Amino acid sequence: MKISKLIYDIKKDKEKFGLLIEKFDPLIKKYVRLLYKDDKEDVYAELVAALWESVCNMEYYYGDGQITNYFIRALRNKFLELYRISKKKHDNTSDIDEFDLIFYEG
């Protein structure tokens with residue numbers, strides 16, 4: 001099924017969104033694997049929500065290539081946002097903690 005036809009169908013019947021998820025499931029699962037430190041179910045849900053939001057925001061769609069690129073970009077942007085959040089949450093960028101700073105500042 002063409003993606004443009006699927007988007008048209010989704011706009012009429014929200015239940016067809018599952019078919020779009022199936023098409024982009026490999027990419028979504030790839031991003032879930034890359035964010036291995038976070039809860040997989042939450043990351044998957046966030047990415048699916050980004051896909052849904054991009055369908056809702058889409059006003060004009062002409063070719064399947066443009067639509068596919070639009071969805072890939074939306075998923076990538078959400079992944080990068082989740083990655084930045086995960087990095088802040090899980091990685092300590094400084095080797096010096098607050099206790100050590102007291103002694104270094106004099």
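In what follows, every heavy atom counts, from backbone to side chain, and hydrogens, waters and symmetry copies are set aside. These numbers were taken from a predicted model, which means no experiment stands behind them.
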With clusters defined by side-chain heavy atoms of hydrophobic residues (ILVMFWY) lying less than 4.5 Å apart, directly or transitively, does [Y] cluster with [X]?
X	Y	result
Ile72	Val43	yes
Val32	Ile85	no
Leu19	Ile21	yes

Please round to the nearest 0.5 Å and tell me the distance separating atom [atom1] of [X] and atom [atom2] of [Y].
X	Y	atom1	atom2	answer
Leu27	Leu47	CG	CG	8.0 Å
Lys2	Ile7	NZ	CD1	13.5 Å
Ile28	Phe71	CD1	CZ	11.0 Å
Leu82	Asn77	CG	CG	11.0 Å
Asp39	Ser86	CG	OG	11.5 Å
Ile67	Tyr60	CD1	OH	14.5 Å

For Asn57 and Ser54, run side chain to side chain contact (heavy atoms under 4.5 Å, CB included): C-alpha distance rounded to whole Å, both residues' side-chain angles, the deciding distance at 0.1 Å, then the answer. CA-CA 5 Å; Asn57 290 336; Ser54 63; 5.8 Å; no
Phe79 meets the ring pair (Phe, Tyr, Trp, His ring centres under 6.0 Å) criterion, sequence neighbours left out, with Tyr31
Check for a donor-acceptor pair, side chain of Asp13 on one end and backbone N or O of Asp9 on the other, with a separation under 3.5 Å. no
Would you find a donor on one side and an acceptor on the other, under 3.5 Å apart, between the side chain of Asp64 and the backbone of Ser4? yes
Here's a test for you: under side-chain contact (heavy atoms from CB on, under 4.5 Å), which of Lys88, Lys87, Glu81 qualifies with Arg84? Glu81
Pair Lys40-Tyr44, side chain to side chain donor-acceptor pair (under 3.5 Å): steps then yes or no: CA-CA 6 Å; Lys40 292 182 185 324; Tyr44 191 88; over 6 Å; no
Test Glu15 against Ile10 for side chain to side chain contact (heavy atoms under 4.5 Å, CB included), laying out the working first. CA-CA 7 Å; Glu15 298 295 320; Ile10 290 170; over 6 Å; no
Determine the minimum heavy-atom distance between Ile3 and Lys23, stating which atoms define it.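 Looking at all heavy atoms of both residues, the shortest contact is CG1-CD, 4.1 Å.
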Verify the neighbour count for atom NZ of Lys30: are there more than 12 heavy atoms of other residues, nucleotides or ligands below 6.0 Å? no
Can you name the residues that form a side chain to side chain donor-acceptor pair (under 3.5 Å) with Lys37, not counting sequence neighbours?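 Here the qualifying residues are Asp91.
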Partner set under salt bridge (charged side-chain N to carboxylate O under 4.0 Å, His left out) for Asp25, not counting sequence neighbours: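 Listed in chain order: Lys29.
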Under 4.5 Å between any side-chain heavy atoms of Leu75 and Phe24, yes or no?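 Yes, at least one pair of side-chain atoms sits under 4.5 Å.
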Begin with the C-alpha distance, continue with both residues' side-chain angles, and end with the deciding distance and a verdict on side chain to side chain contact (heavy atoms under 4.5 Å, CB included) for Tyr8 and Lys11. CA-CA 5 Å; Tyr8 179 78; Lys11 297 254 182 191; 5.9 Å; no
